[in-house]
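Working notes for the structure below.
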Amino acid sequence: MTPSAPRIALISAVTSAWAPIHDAFALGFPEAELWNLLDDRLLGDAAGQGGLTPPLTGRMETLIRHALDGGADAVLLTCSLYGPVAHDLAPGAQVPVAGPDDALFASARASGAQRIGVLSSGAAPLADSVARLREALPDREVTGILTADASPEAALDAVRAVPAPDLLVLGQYSLAGLAAPLGEVLRLPVLAGPPLAVAALRSALTKEVLS
């Protein structure tokens, strides 16, 4: 790996994830060389087939292996539904392979918050994020919050319609831009996946270079 310009493969299922993750890298890891890989039917096919099927898992595994074979110094998935596939392949990889919510969930755990709200603009992604966060933090109260769209106004209405959480987690990369405005108005911590994922990858790659 070239320390000054590590190649990071970003595997996405929707193009709306690109701007938030690219912005996060521009702020937190500007020297990284970003490589975008997209299968824009991954989410639609999962919805049509009732979830993450073996063939769909295989498609994501193929994308991850393509990134590894192409010389990626790290791989980051930007679609939460496929995060478990990254976890399956990470142990055998020679470079970091991360799910989109790994650093996000770790930060939620470290926060100590007992009542965690998860915000999403899609019912299926919301159900998936809530289920995985409850599994990761079985001792916390996790509430799903569905917003009508990605606007700050709709998100505020959705959060205010449920019992006030101690911490708000944004369940999709495409919602990352809501972190600052929601935090300011609601007066509570709001966690977004992109900056946390970038910081975690930077830390992991820095340790590799120094070791």
_side chain to side chain donor-acceptor pair (under 3.5 Å) against T78, all qualifying residues, sequence neighbours excluded_ = S12

*What's the spacing between L167 CG and Q114 CD if we round to 0.5 Å?*
11.0 Å

*Which ILVMFWY residues are connected to W18, directly or by a chain of links, through side-chain heavy atoms under 4.5 Å apart?*
L38

_Close side-chain approach of C79 to L43, heavy-atom, < 4.5 Å_ = yes

*Shortest non-hydrogen separation from A13 to L42 and the atoms involved*: CB-CB, 3.8 Å

*asked:* With a 3.5 Å distance limit and no angle check, can you tell me whether R109 reaches the backbone of L137 through a side-chain donor-acceptor pair?
replied: no

*Please report the shortest heavy-atom distance between S80 and G171, naming the atom on each side.*
OG-O, 4.1 Å

_Same cluster or not: L10 versus L205, using hydrophobic residues (I, L, V, M, F, W, Y) connected whenever any side-chain heavy atoms lie under 4.5 Å apart?_
yes

Residues 119-127 side chain polar contacts: donor-acceptor under 3.5 Å, at least two apart:
| from | atom 1 | to | atom 2 | distance (Å) |
| --- | --- | --- | --- | --- |
| S120 | OG | G122 | N | 3.3 |
| S120 | OG | G122 | O | 3.3 |
| S120 | OG | Q172 | OE1 | 2.4 |
| S121 | OG | Q172 | OE1 | 3.2 |
| S121 | OG | Q172 | NE2 | 3.3 |

*Within a strict 4.5 Å, meaning less than it, do heavy atoms of the L77 and I64 side chains meet?*
yes

_Please enumerate all residues that pass salt bridge (charged side-chain N to carboxylate O under 4.0 Å, His left out) together with R41, with sequence neighbours excluded._
D45

*Under the side chain to side chain contact (heavy atoms under 4.5 Å, CB included) test, which residues partner A19, sequence neighbours left out?*
none

*Looking only at non-hydrogen atoms, find the nearest pair between L37 and A67 and report the distance.*
CD1-CB, 3.8 Å

*Roughly how far, to the nearest 0.5 Å, is the CG atom of L68 from the CG atom of D73?*
10.5 Å

_Shared hydrophobic cluster for L175 and V130 (ILVMFWY, side-chain gaps under 4.5 Å)_ = no

*Does D102 have any salt bridge (charged side-chain N to carboxylate O under 4.0 Å, His left out) partners at least two apart in sequence or in another chain, and if so, which?*
none

*Mind checking what makes side chain to side chain contact (heavy atoms under 4.5 Å, CB included) contact with E61, not counting sequence neighbours?*
T57, R65, V85, L89

*asked:* Could you check whether any side-chain N or O of S203 sits under 3.5 Å from a backbone N or O of A199, counting only pairs where one atom can act as donor and the other as acceptor?
replied: no

*Evaluate the side-chain proximity of L133 to R140: yes if any heavy-atom separation is below 4.5 Å, no if none is.*
no

*Any idea which heavy atoms bring P138 and E135 closest together, and the distance?*
CD-O, 3.6 Å

*asked:* Once rounded to the nearest 0.5 Å, what's the spacing between atom CG of L170 and atom OG of S129?
replied: 10.5 Å

Please table the atom pairs, donor to acceptor, closer than 3.5 Å between any side-chain atom in residues 178-197 and protein atoms at least two apart or in another chain.
none

_To check you understand the geometry: which heavy-atom pair defines the closest contact between A93 and V97, and what is its length?_
CB-CG2, 3.7 Å

*R202 side chain vs G28 backbone, donor-acceptor pair below 3.5 Å*: yes

*Under a single-linkage definition using a 4.5 Å side-chain heavy-atom cutoff for Ile, Leu, Val, Met, Phe, Trp and Tyr, are V159 and V169 assigned to the same hydrophobic cluster?*
no

*By salt bridge (charged side-chain N to carboxylate O under 4.0 Å, His left out), which residues pair with E153, not counting sequence neighbours?*
none

*To the nearest 0.5 angstrom, please state how far the CD1 atom of I145 sits from the CG atom of D157.*
12.0 Å

*ring pair (Phe, Tyr, Trp, His ring centres under 6.0 Å) contacts touching residues 61-86 (sequence neighbours left out)*: W35-H66

*Shared ILVMFWY cluster between L104 and Y173, side chains joined below 4.5 angstrom?*
no

*asked:* Enumerate the salt bridge (charged side-chain N to carboxylate O under 4.0 Å, His left out) contacts for residues 166-176, please, sequence neighbours excluded, ordered by first and then second residue.
replied: R115-D166

*asked:* Holding to ring pair (Phe, Tyr, Trp, His ring centres under 6.0 Å), I want the full list of residues that pass it with H87, two or more places apart in sequence or in another chain.
replied: none

_On a heavy-atom basis, which atom in I11 and which in M60 lie closest, and how many Å separate them?_
CG2-SD, 3.6 Å

*Are L168 and V162 connected, step by step, through hydrophobic side chains (Ile, Leu, Val, Met, Phe, Trp, Tyr) whose heavy atoms are closer than 4.5 Å?*
yes

